[in-house]
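Data first, discussion second: the structure below is written as structure tokens.
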Amino acid sequence: MTDVAEIFVGLLLAVASLALVARKLTIPYPILFVVGGLLIGLIPKVPKVRLDPQLVFLFFLPPLLFPAALFTSWRDFRANLRPISLLAIGLVLFTTAAVAYLAHYFMGLPLAAGFVLGAIISPPDAIAATAIADRLNIPRRIVTILEGESLVNDATALVAYRFAVAAVATGSFSLARASGQFLFVGIGGILVGLVIGWLAEQLHRRVDDPPIEITVSLLTPFAAYLLAERLDVSGVLAVVTAGLYLGRRLPELLTFKTRLQGGPFWEMVEFLLNGFVFILIGLQLPEVLRALSGDAIPLRQDLWYALLISLAVILIRIFWVFPATYLPRLIFKKLCRADPYPQWQHVTIVAWTGMRGVVSLAAALALPLTIQNDAPFPGRDLILFLTFIVILVTLVVQGLSLPTIIRWLGVKDDGAIDKEERAARLKANQAALTQLNKIEEAEPAKADALRRLRAEYEDHIRQVEGVNPENANAPLRLFSSEYERLSHEALLQERRTILELRNQGAINDEVLRRIQRDIDLAEARLQL
């Protein structure tokens, strides 16, 4: 018990220290966490920490995928569903097959074991993609595609992984049966996610207590994942579906108190779990080397294989992304008119951003030691070593080089989100001002409070329009009860307006959350 406590405290210390260094060096923290964990693992007498695959799949993956889906804009996700599907399904399966044949013909792995390796290293990591992409000044559509891909590709890869391991264990494989099972697992996971999301929605509708609602939000991804896995369908898709479903509905259900408390809670959960996960990846190096020590193949040869596979997964993504982007538009003119050719610089960023992460390592560690007749799983130790090196190479090489490549390509944020936000703020303030005018007509006795409140909204509108009023007064800190009541009504109208704009597709969910947070803070200030 003491060892567990010491390891936990040590991980917390490592997360805080490495995050501080990453901030000082302006390096994406997943990269420094992995490198730091690797260096810590090489220190003599440091307790050996084994990454339990079940710990990753049951306790790390659901709460990390859920907020990523929860805060994904459904409008943008749906608008980019075609490129996301091509990456999350098409590229994952293509990578799985390509790596399988490469490992079979160049490394001598049995073909079925090669498919296991391909399924393990085919999905880019959701956590790494989000953590790195959010720090870069790139167009929002690129971020949406990368994040959307990383939400779905784990499900594709884990289903392929399940069939590949079964093929190794039984020595047989049926493409027709696997295809039908693939559809069943995927559709079943989506249905489970919708059911859990709907149940969580009903609880949020009936409860107005921030601690309870935050607890329900924490419970939701675990409930979706566990129920889906019990039914032998995709737990990953269940979590993602529940997150997307609730992300669309919760802005209309939660009170400002719950939102203001829930946001920091999920931010802290994500930060700590991300830190633990990536440091634990680095700490696995001693175990990986220990497992490989009994291999008859020299370590130099294993390193060559690892670099070959790492280069292959990088090149496979590049060779897939460019044709998948341009060929459909070349063949289908209607598609090209609806969605014109993207700039090659933008496509290059998507093609280069393929960092692997904890799901790949957990899947490799979860491989059975033996198959039928107690025979050892073919190439298990080599697969574990190759997976570790692929994660390390893609995270460090691609992750560190991505900012430089973006600067070299001259890609910058197109400002679409800021334009949407500005237009939405203007409409929300104008709607609130109109509401105040209606109140003044109905309640002329409240003219004094209305005058001060109208002046505040007129000032907001001038700021949004870029006109700074001369001799502006300092913001008011103390309000009369009438002023607070009228302010509350105006804020409610603002909230209704931005929700209508989101529902109409005029703004995306990120803009909604930005403005909604300001409204929540204003409402909290009134102490109603």
Side-chain angles (χ1 to χ4, degrees), residues 56-90 92 123-127 129-130 144-162 181-205 213 216-254 262 266 269-270 359 502-503 505 508-510 512-513:
V56 173
F57 290 133
L58 294 179
F59 294 104
F60 282 104
L61 195 57
L64 285 173
L65 283 176
F66 182 71
L70 191 68
F71 297 126
T72 293
S73 169
W74 173 245
R75 184 200 70 173
D76 294 349
F77 183 87
R78 182 180 57 191
N80 293 283
L81 191 57
R82 183 185 56 81
I84 289 172
S85 301
L86 286 172
L87 292 171
I89 300 175
V92 166
D125 185 68
I127 307 163
T130 302
T144 299
I145 291 173
L146 293 175
E147 291 181 348
E149 173 201 5
S150 63
L151 286 175
V152 181
N153 61 13
D154 285 341
T156 307
L158 290 175
V159 172
Y161 167 83
R162 180 189 302 182
Q181 192 74 7
F182 183 87
L183 290 175
F184 170 78
V185 168
I187 295 173
I190 293 172
L191 292 176
V192 169
L194 289 173
V195 170
I196 295 297
W198 182 83
L199 290 174
E201 179 189 5
Q202 302 314 305
L203 286 170
H204 286 295
R205 283 187 186 278
E213 291 190 84
V216 169
S217 72
L218 181 61
L219 175 65
T220 300
F222 294 108
Y225 187 87
L226 290 172
L227 178 59
E229 290 298 313
R230 288 286 186 181
L231 297 175
D232 286 328
V233 296
S234 174
V236 172
L237 276 182
V239 173
V240 170
T241 303
L244 290 172
Y245 179 91
L246 289 171
R248 184 72 178 177
R249 285 158 177 78
L250 288 187
E252 302 178 16
L253 301 178
L254 302 184
W266 275 111
V269 168
E270 286 186 274
V359 172
R502 193 284 305 269
N503 293 338
N508 73 0
D509 292 79
E510 181 177 345
L512 171 69
R513 287 191 296 271

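Predicted model only: the values in this text are computed from it and were never measured.
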Taking only residues two or more places apart in sequence, or in another chain, which ones meet Glu149 in a salt bridge (Lys or Arg N to Asp or Glu O under 4.0 Å)? Arg317
Under the side-chain contact (heavy atoms from CB on, under 4.5 Å) test, which residues partner Leu226, sequence neighbours left out? Leu58
Can you tell me if Phe59 has over 12 outside heavy atoms packed within less than 6.0 Å of its CZ? no
Results of salt bridge (Lys or Arg N to Asp or Glu O under 4.0 Å) for Glu229 - residues two or more places apart only: none
Scan residues 79-90 for pairs that pass side-chain hydrogen bond (donor to acceptor under 3.5 Å, both in side chains), counting only residues two or more places apart or in two chains. Asn80-Arg141
Going through the distances and angles, do Val185 and Arg162 end up as a side-chain contact (heavy atoms from CB on, under 4.5 Å)? CA-CA 11 Å; Val185 168; Arg162 180 189 302 182; 3.9 Å; yes
Scan residues 232-244 for pairs that pass salt bridge (Lys or Arg N to Asp or Glu O under 4.0 Å), counting only residues two or more places apart or in two chains. none
Can you tell me how far CG of Leu146 sits from CG of Leu151, rounded to the nearest 0.5 angstrom? 11.0 Å
Report the distance from atom OG of Ser150 to atom CG of Leu65, rounding to the nearest 0.5 Å. 8.0 Å
Phe66 vs Leu218, test: side-chain contact (heavy atoms from CB on, under 4.5 Å). Steps then yes/no. CA-CA 9 Å; Phe66 182 71; Leu218 181 61; over 6 Å; no
With sequence neighbours left out, write down each residue that passes side-chain contact (heavy atoms from CB on, under 4.5 Å) with Arg75, or none if nothing qualifies. Ser73, Glu420, Asn508
Sorted by first residue and then second, give each side-chain hydrogen bond (donor to acceptor under 3.5 Å, both in side chains) pair with at least one member in residues 216-226; sequence neighbours left out. Ser217-Trp266
Minimum side-chain heavy-atom gap Pro67-Val269 below 4.5 Å: no
Kindly give the heavy-atom pair with the smallest separation between Leu246 and Gly197, and that separation in Å. CD2-O, 3.3 Å
So which heavy atom on Ala238 is nearest to which on Ala228, and how close? CB-CB, 3.7 Å
Could you check Thr156, Asn153, Ile145, Val152 and say which one makes a side chain to side chain contact (heavy atoms under 4.5 Å, CB included) with Leu87? Ile145
Restricting to salt bridge (Lys or Arg N to Asp or Glu O under 4.0 Å), what partner residues turn up for Asp509, sequence neighbours left out? Arg502
Phe77: partners by ring pair (Phe, Tyr, Trp, His ring centres under 6.0 Å), with sequence neighbours left out: Trp74
What pairs with Val195 under side-chain contact (heavy atoms from CB on, under 4.5 Å), at least two apart in sequence or on another chain? Leu199
So which atom in Pro123 and which in Ala157 form the shortest heavy-atom distance, rounded to 0.1 Å? CG-CB, 3.5 Å
Could you pull out all residues at least two apart from Glu201 that satisfy side chain to side chain donor-acceptor pair (under 3.5 Å)? Arg205, Tyr245
To the nearest 0.5 angstrom, please state how far the CG atom of Leu253 sits from the CD atom of Gln202. 8.5 Å
Which atom pair, heavy atoms only, marks the closest approach of Ala224 to Val192? O-CG1, 3.8 Å
Please report the shortest heavy-atom distance between Leu203 and Val216, naming the atom on each side. CD1-CG1, 4.1 Å
Thr241: side-chain contact (heavy atoms from CB on, under 4.5 Å) partners, not counting sequence neighbours: Ile190, Leu194
Got Asn503 and Glu252 here, is their nearest side-chain heavy-atom distance under 4.5 Å? yes
